[in-house]
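The next block holds one structure in the form of structure tokens; read it before the comments.
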Amino acid sequence: MTETQDTQTSESVEELKSAAVAALNSADSSEKLEAWRVEFMGRKGRLTSLLRGLGSFAIEDRKIVGAAANRLRGELESLYEDRESDSKSSQAPVGSIDITLPGRKPALGGLHPSTQMIREITQAFNEMGFQTIEGPEVELEKYNFDMLNIPADHPARDQWDTIWVDSDTHDDVLLRTHTSPMQARVMEENDPPIRVVVPGKCYRYESTDATHEWHFNQVEGLAVDEGITLADLKGTLYEFARRVFGANRKVRFRCDYFPFVEPGVDMSIDWNGGWMEIMGAGMVHPKVLENAGYDSSKYTGFAFGMGPERISMLRNEITDIRHFFSNDLRFLTQF
Ligand code: FA5
């Protein structure tokens, strides 16, 4: 290649480059961008024509101009891709969001019906001077049974079919069968006077029916002081029933047996012409007070344990307790 030929062909690659870059910069729509691609990079475009024309060059010229043209092709391709992706992202909001659509309410969650009932129950007792505390669901046999006057060989253990954490060994760790172990824990850590309510989950190895679940909540109550009597227990529980069910709902209060109270009672609410038991209660057994290190000749107390799911059933005309934990939104969204 002569010096003149080399300069001419190199210039034509340069000229093509500056024409292509200028045209690309002024392509301000996707249509113009496409037209640019066809004009410069298409099968019959200017760069392709230049490359095709290389065949008529002498072999050494072909090498030099061919390398420059291929470099230009790489540069133009990458400039084009950048412009194309810029143009797509700047168009995306207009293309993908319909700003004329009316707004929709986001789906908000809500408190579970058991939680709502627990809050109402604990608030009623808070207003009567009880403090709310919580305790462990995985519990020691000692607190679930022994400290509550239920020794290992006591037939009353059968009242609470137990889920043991290690079912082979029946070691001393279990899922609490009731919230009563918190009576022992609270008394162990505190001196009288005591007034607490303890909401929380309980577990029992038992078959289910309309009023029994294998896991459910309880709200435990404990009051210990000098001079507390059965009249205080009855007055407190009737006031609770009045607050939650109103003054006209029929309440049944009768004797029952629990090893950790003496005397023991239970409370039921009228339900479809019969009764539904909502809690067990009684005067704290002197042995339970003494197990916790209290002087039972000085202090007395009452305790109760109630089921918030059953109370919610009575309040909301729910016929089957298993709805609470079946996670059916048709049920849950009614609260
Ligand atoms: C007890 O669990 C005693 N710890 C209650 C107690 C506390 C008595 C303090 C004396 C002093 P019981 O097993 O009856 O007792 O349960 C008490 C309440 O928990 C029941 O009245 C019921 O409302 C609820 N409950 C019991 N078992 C179930 C179950 N399987 N499913 C749903 N709720 C239940």
Side-chain angles (χ1 to χ4, degrees), residues 113-114 117-118 121 125 130 135 139 143-145 147-150 156-163 174-187 194-224 228 230 232-234 236-237 240-241 244-245 251-269 271 275-289 300-315 318-326:
S114 299
M117 198 67 240
I118 287 170
I121 293 167
F125 283 105
F130 288 73
E139 186 53 283
Y143 292 103
N144 199 82
F145 292 125
M147 300 271 285
L148 296 174
N149 196 30
I150 321 174
R157 281 211 185 195
D158 299 342
Q159 267 181 273
W160 294 278
D161 298 311
T162 308
I163 299 175
L174 46 79
L175 298 185
R176 67 178 172 194
T177 60
H178 50 177
T179 42
S180 297
M182 280 304 286
Q183 291 182 30
R185 284 185 178 274
V186 170
M187 287 193 275
I194 286 171
R195 277 167 187 72
V196 290
V197 277
V198 191
K201 206 76 183 288
C202 307
Y203 305 83
R204 291 187 193 176
Y205 187 69
E206 64 178 37
S207 34
T208 64
D209 62 26
T211 54
H212 292 84
E213 258 290 9
W214 68 270
H215 60 120
F216 53 94
N217 286 283
Q218 282 190 341
V219 179
E220 190 80 10
L222 176 69
V224 185
I228 290 189
L230 185 67
D232 296 311
L233 168 63
K234 191 173 179 187
T236 306
L237 294 185
F240 160 75
V244 171
F245 296 107
V251 175
R252 186 180 72 180
F253 191 72
R254 63 172 188 178
C255 292
D256 200 345
Y257 172 74
F258 300 95
F260 33 93
V261 287
E262 180 57 38
V265 295
D266 67 46
M267 183 179 250
S268 301
I269 304 291
W271 189 47
W275 298 100
M276 171 135 65
E277 188 207 286
I278 59 162
M279 72 172 96
M283 299 303 291
V284 181
H285 197 292
K287 273 200 185 152
V288 175
L289 294 170
T300 52
F302 65 74
F304 55 83
M306 63 180 71
E309 281 84 21
R310 288 203 190 162
I311 294 171
S312 178
M313 287 173 74
L314 288 158
R315 278 269 304 267
I318 298 162
T319 50
D320 197 313
I321 198 168
R322 289 166 290 198
H323 288 307
F324 282 87
F325 302 109
S326 57

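As the structure lists them, so they are numbered: ligands from 1, and atoms in each ligand from 1.
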Under a 3.5 Å distance rule, please check whether Thr236 uses its side chain to pair with a backbone N or O of Asp232 as donor and acceptor. yes
Mark up the atoms of ligand 1 that fall under 4.0 Å of a heavy atom belonging to Val261, in ascending order. 10 (C), 11 (C)
How close does the nearest protein non-hydrogen atom get to atom 25 (N) of ligand 1, and which residue and atom is it? Phe216 CE1, 3.6 Å
Atom 23 (O) of ligand 1: closest protein heavy atom, distance to 0.1 Å, is Ile278 O, 3.0 Å
Do Phe130 and Phe240 have ring centroids that are under 6.0 Å from one another? no
Using a strict cut-off of 4.0 Å, indicate which atoms of ligand 1 neighbour a heavy atom of Gln183. 9 (C)
Before accepting this row, confirm whether a basic side-chain N of the pair Glu139/Arg185 lies closer than 4.0 Å to the acidic partner's carboxylate O. yes
Has Thr211 got any heavy atom lying under 4.0 angstrom from an atom of ligand 1? yes
For ligand 1, which atoms, with element, lie under 4.0 Å from some heavy atom of Ile321? 32 (C)
Select one of side chain, backbone, both or neither to describe which atoms of Glu277 lie under 4.0 Å from any atom of ligand 1, heavy atoms only. both
If you measure every N or O of Gly282 against every N or O of ligand 1, does any of those distances drop under 3.5 Å? no
Option nearest atom 26 (C) of ligand 1 (shortest heavy-atom distance, choices His285, Glu213, Glu206, Arg204): Arg204
Within-cut-off N or O pair, Ser180 and ligand 1, under 3.5 Å: yes
Identity and separation of the nearest protein heavy atom to atom 19 (O) of ligand 1: Gln218 NE2, 3.0 Å
Between the side chain of Asn144 and the main-chain N/O of Pro181, is any donor-acceptor distance below 3.5 Å? no
For Phe302, is the nearest heavy atom under 4.0 Å from an atom of ligand 1? no
Under 6.0 Å between the ring centres of His178 and Phe260? yes
Distance filter under 4.0 Å to Ala281 heavy atoms, resulting ligand 1 atoms: 8 (C), 10 (C), 11 (C)
Hey, what do you get for CD1 (Ile311) to OG (Ser114), rounding to the nearest 0.5 Å? 11.0 Å
I'd like to check Tyr205 versus Leu175 (side-chain heavy atoms, cut-off strictly below 4.5 Å). Are they in contact? no
Taking Lys201's backbone N and O only, do any of them form a donor-acceptor pair with Arg176's side chain (distance below 3.5 Å, no angle check)? yes
Would you mind checking which non-hydrogen protein atom is closest to atom 15 (O) of ligand 1, with the distance to 0.1 Å? Phe258 CE2, 3.4 Å
What is the nearest protein non-hydrogen atom to atom 6 (C) of ligand 1, stated with its residue, atom name and distance? Gly280 O, 3.5 Å
Does the side chain of Ile318 reach to within under 4.5 Å of the side chain of Phe324, using non-hydrogen atoms? yes
Would you mind running through ligand 1 and noting each atom that sits below 4.0 Å from a heavy atom of Met279? 21 (O)
Nearest heavy atom to atom 9 (C) of ligand 1 wins, so pick from Glu309, Glu220, Arg176. Glu220
Check whether any side-chain heavy atom of Ile194 sits under 4.5 Å from a side-chain heavy atom of Gln183, and report yes or no. no
Side chain of Asp256, backbone of Gly280: donor and acceptor closer than 3.5 Å? no
Quick look: Phe304 vs ligand 1, heavy-atom contacts under 4.0 Å, and the answer is backbone
dist Leu222:CG -> Met187:CE (nearest 0.5 Å) comes out at 5.5 Å
Considering heavy atoms of the protein only, find what lies nearest to atom 24 (C) of ligand 1 and give residue, atom and distance to 0.1 Å. Gly307 CA, 3.8 Å
